[in-house]
Amino acid sequence: MIDARLLRDDPDRVRAAQAKRGLSAEVVDRALSADADRRAAIASYEAKRAEQKRLGGQVAKAQGEEKQELLGQTRALAAEVKEAEAARVAAEEAWNDAVLSIPNPAADEAPEGGEDDYVVLETVGTKPEFDFTPRDHVELGAMLGAFDLERGAKVSGSRFYFLTGIGARLHRALVTMAMDMAAANGFTEVVAPALVKSRAMEGTGFLGQAADDVYRIEGQDLYLVGTSEVPLAAFHSDEILPADSLPQRYAAFSSCFRKEAGSHGKDTRGIFRVHWFDKVEMFVYTTVEESFAEHQRLLAWEKEFMDALELHYRVIDVAAGDLGTSAQRKFDCEAWIASQERFRELTSTSNCTDFQARRLDIRTRAGSSGETTPVATLNGTLCSTNRPIIALLETHQQADGSVRVPQALQPYLGGLEVLEPLA
RNA sequence: GGAGGCGUCGCCUAGUCAGGUCUAUGGCGCCCGCCUGCUAAGCGGGUUUGGGGUAAUACCCAUCGCGGGUUCAAAUCCCGCCGCCUCCGCCA
């Protein structure tokens, strides 16, 4: 939720922010008029309610005829209060609807435009070269016995799979390595619920434009999360976090579920784009002032993970139109996928500033004044399970279908240096 | 899933049966001040969180787990829901 004061005091900035994302400013005007209506309705209700309370006090003390007369007055007033309250509630709903549909204004630094208008910030490592025709992860996976796509489809449908043998072991190794790195960097380890109530989904901005991608449990107010950002953001909802407790850094493991609506026919091969995967996600609560530096730290930790896997990758600054509802700025790390001859997203880190915190009512106390103020929330992928496996297999493959294990990962595979194809 | 108990402004707590200065009591903790070689004690004051309003005050409204209802008036009465605890059943 954007700051009501910003909307009121500087609506042109919000209009410009809408334009930068390629969205209409109509909702800004709707919100402004709803705000005026709402405040008028509140004033009217409160005046009547105050009068009702004042008379109520007199009724309590009055006797006989005087009491009867007061009761007559106050009965009429009660109806007016009820009416005014209904008007107030309606006005507040209109305001909420409008303001909740305004996304977080993008950072000034974020590139303008849509999906293709990203800016490459840096490219790390060198493109892997092969003196043989490189296989894609599906072929390699079959040779290694790392996953079973046919049975995944049989049991659960398209975009499902089983990780098997070395694939399952790689999954465990990656998650453990990621958690160890997070712990070493001061994160609190968390295993988070993958089912959450609508409040958590709404609060993190996933029931707006992204709602089509979310699985809902039939007959219950429960949703399958697409990322543990959701339960982690809601973790401290309705709380006031002591200033000296910030930043609070969590690294959460959870399964992630995505309908992938609207991506029919896209990345249908293998385990790249699937309905379910697992992920270790970094999540930070801090102050808005600190959030920008923290965002850089999250990016640095993501790069540390990419480096540990000895991948060739680039970092992009995602354009305003391609940011999620909540993000003010987003960096993606994209690894080179040899079979596709292009960079693909492996990790993503967003600074949501105080946008999610306003919706979820998470505050801290500002400096000396003691005033409460919304915190900032940030998230970043440390390790999703499938795409790193893909990048790893394709990057470190050898002519015979074996795969070299990056040194940092070896201890997590019992010292294994090379993954060998099954006989 | 069944039975019972509980939910009050950081923590504890009074108030709920008999609705009306409850504008929510008291204690602990915390903050400010006085006193004081220092500290403690003592004394005085303050201490939920939102919202409206104002240049800023003042002032006003909401908030007793949540949502409805009854009533002129609800922490208090009625209905529904949620959470926690105890016991039983089931289960990993």
Side-chain angles (χ1 to χ4, degrees), chain A residues 1-10 31-100 191-203 217 219-223 231 234-246 248 253-255 285 354-375:
Chain A
M1 186 162 62
I2 70 160
D3 188 349
R5 242 170 325 188
L6 173 68
L7 185 69
R8 225 175 270 156
D9 298 345
D10 199 356
L32 282 171
S33 95
D35 186 37
D37 292 350
R38 163 184 151 268
R39 287 196 284 170
I42 288 171
S44 162
Y45 159 75
E46 288 189 354
K48 286 188 165 65
R49 176 65 178 152
E51 174 67 4
Q52 182 185 38
K53 287 178 69 167
R54 197 182 60 77
L55 282 176
Q58 289 182 20
V59 170
K61 281 181 286 188
Q63 295 293 328
E65 257 179 59
E66 193 193 351
K67 184 160 189 166
Q68 288 313 310
E69 193 187 321
L70 280 169
L71 279 178
Q73 282 181 45
T74 200
R75 249 188 281 269
L77 188 56
E80 285 181 45
V81 168
K82 206 161 189 174
E83 205 173 297
E85 186 175 11
R88 193 207 68 197
V89 169
E92 284 177 341
E93 271 173 16
W95 155 255
N96 279 332
D97 286 348
V99 85
L100 283 175
V191 176
L195 280 164
V196 298
K197 298 196 277 190
S198 55
R199 169 95 196 280
M201 274 295 176
E202 177 72 51
I217 303 297
Q220 291 193 312
D221 180 35
L222 283 175
Y223 297 81
F235 187 63
H236 282 304
S237 54
D238 300 322
E239 294 182 28
I240 297 174
L241 306 177
D244 61 9
S245 75
L246 301 178
Q248 291 200 37
F253 174 91
S254 85
S255 289
Y285 296 88
D354 55 1
F355 186 84
Q356 293 177 332
R358 284 182 195 283
R359 293 175 165 218
L360 291 166
D361 197 17
I362 309 166
R363 292 161 291 161
T364 186
R365 298 204 185 266
S368 49
S369 67
E371 293 271 283
T372 62
T373 181
V375 299

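In what follows, chains are A, B, ... by sequence order, proteins preceding strands, each numbered from 1. Everything numeric here is computed off the predicted structure, so don't read it as measured data.
- Under the Watson-Crick and G-U wobble criteria, each requiring two contacts below 3.5 Å, nucleotide B:A55 is left unpaired.
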Atom pairs, protein N/O to nucleotides 66-68 of chain B N/O, distance under 3.5 Å:
none

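- The gap from the C1' atom of B:A14 to that of B:G26 amounts to 7 Å, rounded to the nearest Å.
- Side-chain atoms of A:A50 lie closest to B:C61 of the nucleotides B:C61, B:G50, B:G52.
- Note on residues 76-87 of chain A: no pairs pass side-chain hydrogen bond (donor to acceptor under 3.5 Å, both in side chains), not counting sequence neighbours.
- The ring-ring contact (aromatic ring centres under 6.0 Å, His included) test applied to A:Y285 returns A:H236, A:F283, not counting sequence neighbours.
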Taking only N/O atoms, report every protein-nucleotides 55-59 of chain B pair under 3.5 Å with atom names and distance.
none

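- The side chain to side chain contact (heavy atoms under 4.5 Å, CB included) check on A:E92 picks up A:R38, A:I42, A:R88, with sequence neighbours excluded.
- The side chain to side chain contact (heavy atoms under 4.5 Å, CB included) test applied to A:R363 returns A:I240, A:D361, A:T372, not counting sequence neighbours.
- Shown here are the side chain to side chain contact (heavy atoms under 4.5 Å, CB included) partners of A:A78, two or more places apart in sequence or in another chain: A:Q52.
- With sequence neighbours excluded, no residue forms a ring-ring contact (aromatic ring centres under 6.0 Å, His included) with A:F253.
- Interface residues of residues 354-364 of chain A facing RNA chain B, ordered by number: A:R363; criterion, heavy-atom separation under 4.0 Å.
- Nucleotide B:A3 forms a Watson-Crick or G-U wobble pair with B:U86, both donor-acceptor distances falling under 3.5 Å.
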Inset, instruction - Starting at the 5' end of nucleotides 69-78 of chain B, put B wherever the base has a protein heavy atom under 4.0 Å, S where only the sugar-phosphate does, and a dash everywhere else. - result: -S-BSS----
Please tabulate, one pair per line, all N/O donor-acceptor pairs under 3.5 Å involving side-chain atoms of residues 1-8 of chain A, not counting sequence neighbours.
unit_1: A:D3; atom_1: OD1; unit_2: A:R5; atom_2: N; d: 3.0
unit_1: A:D3; atom_1: OD2; unit_2: A:R358; atom_2: NH2; d: 3.3
unit_1: A:R8; atom_1: NE; unit_2: A:D35; atom_2: OD2; d: 2.7

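- In this structure, A:R39 does not reach the B:C61 phosphate: none of its side-chain N or O atoms is under 4.0 Å from OP1 or OP2.
- Residue whose closest nucleotide on RNA chain B sits further toward the 5' end, between A:Y45 and A:K197: A:Y45.
- For A:D238, the salt bridge (Lys or Arg N to Asp or Glu O under 4.0 Å) partners at least two apart in sequence or on another chain are A:R199.
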